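To keep things clear, I will list the structure first and then write my remarks on it.
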Amino acid sequence: MLRTVKDYTSTEGKPNWCPGCGDFGIEMAMKQAMAQLDLDPDKVLLISGIGCGANMPNWFSTYGFITLHGRALPVATGAHLASHELSVFVEAGDGDAYGIGMGHFIHAMRRNPNMVYIVGNNTVYGLTLGQISPTAAKGCKGPSTPFGNPDLPVNPIALALANHCSFVGRGYAGNLPHLINLIKAAHQHKGFALVDVLQPCVTYAKDVGYKYYQDLTYDLQEAGHDKTNLEAAMKRAFEVPEKYPIGIFYQEERPLYEEELPQFKKGPLVSHDISNVDITPIFEEYSS
Amino acid sequence: MKINELNFMIGGKAGEGIEVPGNMFAKLCMKAGLWLNATREFYSVIKGYNNINQIRVAEQPVKSHINRYDLILAIDDETVPRYYKDVVPGGGIIYDPSLVSASSVQSEVRPGGALVYDATLMKEALSREDINYFPVPMSDLAMEKVGLKLAKNIVGIGATLALLDYNVQPLLDLIVKTFARKGDDVVNKNIDAAQAGYNYAREKFSREFNYQLRNVKNPVKKFFADGNEVMVFGAIKSGLKFVSEYPMTPSSSILHTTAKYAQKYNISVNHVEDELSAMNMAVGAGFAGARSLVATSGGGFALMTEAVGMAGMIEAPVVCIECQRPGPSSGLPTRSGQGDLRQVMHASQGEFPRIVMAPGHHEEAFYMVHEAFNLAERYQCPVFIISEKYLSEGYATLPYLKTDHLRVDRGKLLKESEIRAGYKRYQITADGIPPRAIPGQKGGAHLANTYEHLESGYSTEEVGHVTAMYERRMKKIELIEKNLPAAELEGNPKADFTIVCWGGTYMPASEAMDMLNRDGVKTNLLHVKYMLPFQPGVREILEHCKRPVLVEGNYTGLLGGVIAEKAGIDIRSRILDYSGRPFTPDKIYEEIKKLTKK
Ligand SMILES: Cc1ncc(C[n+]2csc(CCOP(=O)(O)OP(=O)(O)O)c2C)c(N)n1
Ligand code: SF4
Ligand SMILES: [Mg+2]
């Protein structure tokens, strides 16, 4: 019997996002992807930061962890290394990922732990009532920038390409079939997979809503993009804001962090017997 | 003649390698069956500046370092003028006449570190009548025998052994062992250097010195390690599986030592991007079921603060060792102090159960770290061990520590077979501790949530639910407190003075107590080990003390404040030191002697 969205859905309550919020699309795409991949909900760990989108684990029936603003990645890395056979999904907002948690993002890409990093890119801080996020265009107005955003936006795709990210993808919350496939591909990828999702915030980022992305997004794979070509990927990354390519920009096979260390060969660390560790050899070593 | 009782010090410039000879000397003493305590004082500078390595040996366990030296080996120009006054009558100084002479002057003045000395000072430094001077041309001998000036350290150690009338062979064996990896040439050169120093001192100063080292018969099996290493051993024994750390003096050797054993004991050891990451990762690993550890100093701990509260809120076990150095801010990176107590006790917003404890010496540190991992899982909360540079980087010999009685207690961690339908991770239980499932277990799926939550972990803001969960969590504090071992008074219960201290200050304080008692000043000692929850029994003990004296390595008497708050007793007599140097037994002794006259 194949699993369905219901198998990943919490019975406690329903999402409380604004009607029309792009987070619904992300939630549905994740659950569909999990179902289509037939993942055992007890083997899935969904870790999030703090924000509108990061409330996500409330509405999943898998293992979940709502952490701190910006810290989803290190928490996920720790959990993953402790128990590396779990399917780890990380959900963060663009403030989470590219603002307060930017440092962790860069180092996670270098480290290449096996997990999917889904970033709801809505150009605003939704949960704190609509300030600009690091991906907001220069000039954007918000409560913290009444005269317009003085800073240039972060380009997360280019940043990932420049930092050894082994899977660089972008989805669009308004294109569900595409996003489902992208999340599946990201999960099947061996290593750290970034899925930046263009996520309309219908309340605070009305200028970059469904209408805007509907016209400007196009499918990289349909356009014949070669995802093994870093240079071509970099070019595509800089098409914004004229065009928003979605799909896989770049994918590379690289050894996993845990694959290169013998500690992980005997199964997940949590399964090791710790009841009687013998440290006499250490005393011996320090006695001569 | 003093046999097997020696306070030895090697002084030299950073970068000249006083480490290697210090270590060799310590190992030789351990091999001879002696006990030791060793500590280093050094500047936060990689090259230049005078550093010292203090090694105190005896036939009985040595409690603390002291600053009165029996023998100094001065490798540089600065050690003699800096420390000649600290040599005990009858003691000696080995120095290099090409560096140290009555006409030496310190020409290059480096602010913030170097001692300025001139001919007058040098004359004085070299003319104490009551001590022995042993000029050994260490640099010349090193150049002559080895063609390498740096080998002067080894020449010096050779000379030291000759003066102590000890056999040179164990040193030569140790040289072979230490330098084997570097090839025969290096081994042979160092052997020549050691032999040259030994022969020189034998010929020039035979039997002039009043101290001897001898092998002890049937010695106890011992090992030699610093506090950080010992704490790592305790962690490994308790089943350590995960470490994330960002280097910061004086905690870095915890990272280095765990890294060294990572593959042998199957531990994931991670040098991560910053302390934010370190603590967040460790909480993630603890949540997922691995025994996880972070270590840092005050500055790094400040960055960990938010994640400390996360561990409290989602009830994840995690152990953090905070190795204090004096603050505020960057403070004195390579020195010792006890200024972070309140920071560790109160880090992070809101209220949640946590355990804060501080070991007094190496052996206690081993067992306390082992216990910390059990407490973290039993009470599902973060546990903090506070150490300081003096303990963390101070060395001691220890007997092979007994581990047969140690048990790994994982508290209410469920086996998969114990998980029932309708499992709730944050169930409101009678003792406050909920049953714990970890990711991957069948039927245990739940949400760990830093927002206030229902028993399932689902977010809530409803008054009834919020207060019930809050109370259930906080209830754990009572339970922890009830199960803490009560404080104990050491020494004569009817003493006139009670030393009250915490952390590594215990080591000098305990020796000071012995000194005072020998001198007729009746003194006992209260070492407070648990600060949060506050250790039971402190009030009862202090109520019966004639005159408690607080001894702490800070300005405001932080433990004193905690005692006033929790036990309602205000300790007025205080010996506080914030110089960045650890207390010596002498200092505590003298200060308490002064109190006897008041
Ligand atoms: C350390 C810290 N700083 C600030 C906040 C307040 N805060 C909560 S969510 C948020 C921004 C959320 O923006 P984003 O990550 O883009 O998520 P979104 O709400 O847009 O999904 C902020 C600033 C916090 N929770 N923690
Ligand atoms: S504020 Fe924006 S991001 Fe947040 S729930 Fe509403 S629409 Fe979604
Ligand atoms: Mg956002």
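Note that the coordinates shown come from a computational prediction; the quantities given were computed from them, not determined experimentally. Numbers restart at 1 for each chain; the letters A, B, ... are given by sequence-line order, proteins then strands.
- Residue contact with chain B, scored on non-hydrogen atoms closer than 4.5 Å, involves the side chain of A/Arg111 exclusively.
- Below 30°, between 30° and 60°, or above 60°: for A/Tyr63 and B/His446 the angle between ring planes is above 60°, a perpendicular geometry.
- The contact between B/Lys222 and chain A is made entirely by backbone atoms, counting heavy-atom distances below 4.5 Å.
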Please assess A/Phe65 against B/Leu447 for the test side chain to side chain contact (heavy atoms under 4.5 Å, CB included), listing each intermediate value before the final yes or no. CA-CA 5 Å; A/Phe65 191 165; B/Leu447 175 60; 5.5 Å; no
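- With a 4.5 Å cut-off on non-hydrogen atoms, A/Phe264 touches chain B through its side chain but not through its backbone.
- Shown here are the side-chain hydrogen bond (donor to acceptor under 3.5 Å, both in side chains) partners of A/Gln263, two or more places apart in sequence or in another chain: there are none.
- Every side-chain hydrogen bond (donor to acceptor under 3.5 Å, both in side chains) that A/His189 has, sequence neighbours left out, goes to A/Ser166, A/Gln251.
- Judged by distance alone, with hydrogens and angles left aside, the side-chain atoms of A/Asn58 form no donor-acceptor pair with the main-chain N or O of B/Tyr458 at under 3.5 Å.
- Interface remark: B/Asp274 contributes side-chain atoms only to the contact with chain A (heavy atom separation under 4.5 Å).
- A/Tyr286 places no side-chain N or O within 3.5 Å of a backbone atom of B/Thr397 that could act as its donor or acceptor partner.
- Only the side chain of A/Lys266 comes within less than 4.5 Å of a heavy atom in chain B; its backbone stays farther off.
- Looking at B/Ala278, there are no atoms closer than 4.5 Å to chain A (heavy atoms on both sides), in backbone or side chain.
- B/Leu401 touches chain A through backbone and side chain together, each having a heavy atom under 4.5 Å away.
- Contact annotation for B/Arg410: only side-chain heavy atoms (C-beta onward) come within less than 4.5 Å of a heavy atom of chain A.
- With hydrogens and angles ignored, the 3.5 Å screen pairs no side-chain donor or acceptor of B/Lys241 with any backbone N or O of A/Leu269.
- For a residue to count as touching a neighbouring chain, one of its non-hydrogen atoms must lie under 4.5 Å from one of that chain's; by this rule B/Arg291 touches chain A with the side chain only.
- Residue with the most contacts toward chain B among A/Leu45, A/Ile66, A/Val44: A/Ile66 (heavy-atom pairs, distance under 4.5 Å).
- In this structure, CG in B/Asn280 is found 5.5 Å from CG in A/Leu68, a value given to the nearest 0.5 Å.
- Using a 4.5 Å cut-off between heavy atoms, B/Thr257 touches chain A through its side chain atoms alone.
- Both the backbone and the side chain of A/His104 come within contact range of chain B, each with at least one heavy atom under 4.5 Å from a heavy atom of that chain.
- Heavy-atom neighbours of A/Lys265 NZ from other residues, nucleotides or ligands within 6.0 Å: above the threshold of 12.
- If you measure heavy-atom distances from B/Phe287 to chain A, the contacts under 4.5 Å come from the side chain alone.
- Chosen from A/Ala72, A/Ala79, A/Ala82, the residue pairing most often with chain B at heavy-atom distances under 4.5 Å is A/Ala79.
- At most 12 heavy atoms of other shown residues, nucleotides or ligands fall within 6.0 angstrom of atom OH in B/Tyr246.
- Contacts from residues 22-32 of chain A to chain B, taken as heavy-atom pairs separated by less than 4.5 Å, involve no residues at all.
- For chain A, the nearby part of B/Phe366 is the side chain; its heavy atoms alone come within less than 4.5 Å.
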Start with the C-alpha gap between A/Asp278 and B/Lys237, add the side-chain angles, then the distance that decides, and say whether salt bridge (charged side-chain N to carboxylate O under 4.0 Å, His left out) holds. CA-CA 7 Å; A/Asp278 181 14; B/Lys237 176 65 199 164; over 6 Å; no
Evaluate side chain to side chain donor-acceptor pair (under 3.5 Å) for A/Glu284 paired with B/Tyr400, printing each intermediate quantity in order. CA-CA 9 Å; A/Glu284 296 287 350; B/Tyr400 280 25; 3.2 Å; yes
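- Heavy-atom distances place the side chain of B/Thr403, and not its backbone, under 4.5 Å from chain A.
- The contact between B/Ile314 and chain A is made entirely by side chain atoms (from C-beta outward), counting heavy-atom distances below 4.5 Å.
- Using a 4.5 Å cut-off between heavy atoms, B/Ala262 contacts chain A through both its backbone and its side chain.
- The contact list for residues 83-90 of chain A toward chain B, using heavy atoms and a distance under 4.5 Å, reads A/Ser83, A/Leu86 by residue number.
- When heavy atoms are compared at a cutoff of 4.5 Å, A/Thr62 approaches chain B solely by way of its backbone atoms N, CA, C and O.
- Counting heavy-atom neighbours within 6.0 Å of A/Arg254 CZ, excluding the residue itself, gives a total above 12.
- When heavy atoms are compared at a cutoff of 4.5 Å, B/Lys442 approaches chain A by way of both its backbone and its side chain.
- With rounding to the nearest 0.5 angstrom, the CG atom of A/Asn16 is 8.5 Å from the OG atom of B/Ser459.
- With hydrogens and angles left out, the side-chain atoms of A/Ser288 and B/Lys177 include a donor and acceptor closer than 3.5 Å.
- The candidate with the highest count of non-hydrogen atom pairs below 4.5 Å against chain B, out of A/Asp40, A/Ile106, A/Asp42, A/Thr67, is A/Asp42.
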